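By convention in this document, chain letters (A, B, ...) are assigned in the order of the sequence lines, proteins followed by strands, and residues within each chain are numbered from 1. Computed from a predicted model, the values in this text were never measured in an experiment.
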There are 2 protein chains.
Amino acid sequence: MTEHPPAKARRGRPRQAEVARLAGVSQTTVSLVLGGNKQGIVLHPDTRARVLEAAKELGYVPDPAARRLAAARNNLLGVFSFTATFPTAVEHSYYPFLVGVEQEAAVHGYDLVLFTGSSSGGAQAGTSGALERVRLADGCLFLGRHVPADELRRLVEHGYPAVHIGRRDELEGLAWVGADYVEASAEVVRRLAELGHRRVVLVREDDDAPASTDRERGVREALDAAGLDATDAVVRAADPATDITADWLRGRLTEGVTAFVAEETDTGAAWRALLAAVEDAGLDAPADLSLALLGSPPADLAERPEPTGFDIPRAELGAAAVRALTTLLATGETESPLVACAFRPGNTAGPAPAP
Amino acid sequence: MTEHPPAKARRGRPRQAEVARLAGVSQTTVSLVLGGNKQGIVLHPDTRARVLEAAKELGYVPDPAARRLAAARNNLLGVFSFTATFPTAVEHSYYPFLVGVEQEAAVHGYDLVLFTGSSSGGAQAGTSGALERVRLADGCLFLGRHVPADELRRLVEHGYPAVHIGRRDELEGLAWVGADYVEASAEVVRRLAELGHRRVVLVREDDDAPASTDRERGVREALDAAGLDATDAVVRAADPATDITADWLRGRLTEGVTAFVAEETDTGAAWRALLAAVEDAGLDAPADLSLALLGSPPADLAERPEPTGFDIPRAELGAAAVRALTTLLATGETESPLVACAFRPGNTAGPAPAP
DNA sequence: TTGTACGCGTTATCAG
DNA sequence: CTGATAACGCGTACAA
């Protein structure tokens, strides 16, 4: 009993020392050869070859934790996501971003660590300090609304390389990549104005995430620019399903509102409520009124009708985030690019009905 | 220059030793208190309190890398996927499996490592020895057709804990979780038989993956069981787009075939070709003939018409795979469960037309 | 009940 | 060119 029973998980996991023994050299040499020889030390090609062969023979792979502990890097990028609900449908989750993240990570030679219990509301979610887990990776991507600001700030202040997917100005020094919701929302309203709509209402949920406020800003800016009345132009619905009713809709219509714009959220509640209200009121879009969605529709109502609005370039955002993170890792430069959203014509908006 | 410039990421992070000094105890005691005291060692409540206070005071958070290094395990589960094409659409990728994988991994306290350059066709894909990378994780999930058998065998022979998503009997000792394609395909054919179809043709691609052969087996078994003619019941189309034409279709119809079944693949080529041939021939399903798809349709033609067939329970498969892997990790027991597929009525199959 | 000593796997320095 | 040796931060037998 002189040896602790080794954890099953490690059985057969070769270390540098074993590679060294097999190659007949020291462990240091193995580290040198396998580490790319940053020190510029000259090694005998034969030695090098023997080490490489031994490593391949044994299937040696460096332990990421040890690598990291020794203040090196492990070619691992973290992904920590805070989506409100568990992704039963892939489209509602962060996977669309992951497509771009994964592709770009591959380009740069990084593998990905998905920190669970974040999106999935698993055991560790909400636990204070849960974010610290990401330190296992060289750097980390954060995404979703409601990423805990204080924990994130701690990481950033300690110099941990982090990039947030989604604009995040409040956190000094945090790099982020964002969709240009302001411009995209403004464009939607501009189109509506061009279609003759003079009064437009934005239905947003009761949520102060940047993604929401940006949309509102874009809407307001476009209204101003078009010289339209912005009075009561924004409605905050704590519970869209009960607040946005057929009656409410009729009320607004009699006030002269001809177009309704919903923000996109995790649940799509605002858009859903709007569609339901229109149907309940026996109205039709775009004949009787125009509708637009500031984002992509939830999967279950993606078609019939296809919402006028814009698409969030999720994969590009993911890729841009990885680029930002890798340059942060390599140069220490913090960049925060804004990615444009493409306008989606759709078929829920049309010319404003004659008064 | 007596000190190495510490990595930015680590600067200023309090360690257990500092907590210990502040609390006037040893580092061990700190570890004990903060580690939840698994050993059941009795500590003086005051000591405990002092340690906790000191930890909070300093904002101590354990270093995950060190923790994992000491524990001789990662709590990392790998995911290595071999899908034929890059997932431009999440639905075509391995993400639907990942939903279940992620959820179940969270339950068991594991994080996930996504090995890039596998699904994404990145730089390292196809490289010999690329699979060895997975050793970084405590265990790994493999998925997709065409996972290189020899490399996988090496890993398994070395005792590396691996679970393949998809049946894989050829590899002695490899654990896998599979969808019961045989039974699901048989059920589809049984339904067709019940609808009066006497001659059924399976269109499969030129591919000998288990997922393909299982479907064929199910089809043949059901044909036999129903006493139907299995002559020329299976067509292998190297290139469905050019092989499965309107002319071909008419030919088979005149031979008395009334139902066509396509296997599902990454590309959905067989099903796509079948739909196109029917349209080109000016025919209609299910009026003139019946169609069924052994799997889920590609996203771009998920509706209109919804294919009769079955759904692959991808999330459940992912979850089952994680369970298999964690028990393999914990007990060394290899299990290979088969998960049932749900029949999907759809609307492309109907009663066989009268002869 | 608390402290000592060592190991986990890797990197990095420095003397042969 | 190579081989000891010391961190890195934490867990844990074993001793006090």
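With respect to the salt-bridge test (charged N to carboxylate O, under 4.0 angstrom), the residues B:Glu18 and B:Arg15 qualify. One finds no salt bridge joining A:Glu335 and A:Arg323 here, because no Lys/Arg side-chain nitrogen approaches an Asp/Glu carboxylate oxygen to under 4.0 Å.
Look at CG on A:Leu136: it is 14 Å from C1' on D:dG9, rounded to the nearest Å. Nucleotide C:dA12 holds its C1' atom 16 Å from the CG atom of A:Leu34, rounded to whole Å. The separation between B:Arg15 atom CZ and D:dG11 atom C1' is 17 Å, rounded to whole Å. Distance A:Asn74 CG to D:dC8 P: 19 Å, rounded to the nearest Å. Rounded to a whole Å, the CG atom of B:Leu69 is 17 Å from the P atom of D:dA7. Following rounding to the nearest Å, B:His44 (NE2) and C:dT2 (C1') show an atom-to-atom distance of 12 Å. The interatomic distance linking B:Leu32 (CG) with D:dG9 (P) rounds to 20 Å, in whole Å. Going from atom NE2 of A:His158 over to atom P of D:dG9 covers 13 Å, rounded to whole Å.
Between B:Ala66 and B:Val25, the residue anchored nearer the 5' end of DNA chain C, judged by the nucleotide with its closest heavy atom, is B:Val25.
Residue contacts shown for B:Val30 are absent, as no nucleic acid heavy atom lies under 4.0 Å away. Note on B:Thr29: only backbone sugar-phosphate atoms sit closer than 4.0 angstrom, heavy atoms only; bases stay farther off. Across all strands shown, A:Gln16 has heavy atoms under 4.0 Å from base atoms, whether or not it also approaches the sugar-phosphate.
Comparing C:dT2, C:dG9, D:dG3 by their closest approach to the side chain of A:Asp63 singles out C:dG9. Residue B:Gln27 places its side chain closer to D:dT12 than to any other of D:dG3, D:dT12, C:dC8. For B:Ala70, taking side-chain heavy atoms from C-beta onward, the closest of the listed nucleotides C:dT10, C:dT4, D:dG9 is D:dG9.
OP1 and OP2 of D:dA4 both lie 4.0 Å or more from every side-chain N or O belonging to A:Thr28. At the phosphate of C:dT11, OP1 or OP2 sits under 4.0 Å from a side-chain N or O atom of A:Ser31. Under 4.0 angstrom from either OP1 or OP2 of D:dC10 there lies no side-chain N or O belonging to B:Arg67. For A:Thr47, a side-chain nitrogen or oxygen approaches OP1 or OP2 of D:dT2 to under 4.0 Å.
When side chains are defined from C-beta on, B:Val101 does not count as touching B:Tyr94, because their heavy atoms never get closer than 4.5 Å. At a threshold of 4.5 Å between non-hydrogen side-chain atoms, the residues B:Leu141 and B:Leu77 do not count as touching.
Formation of a donor-acceptor pair under 3.5 Å by the B:Asp111 side chain with backbone atoms of B:Leu76 is not found in this model.
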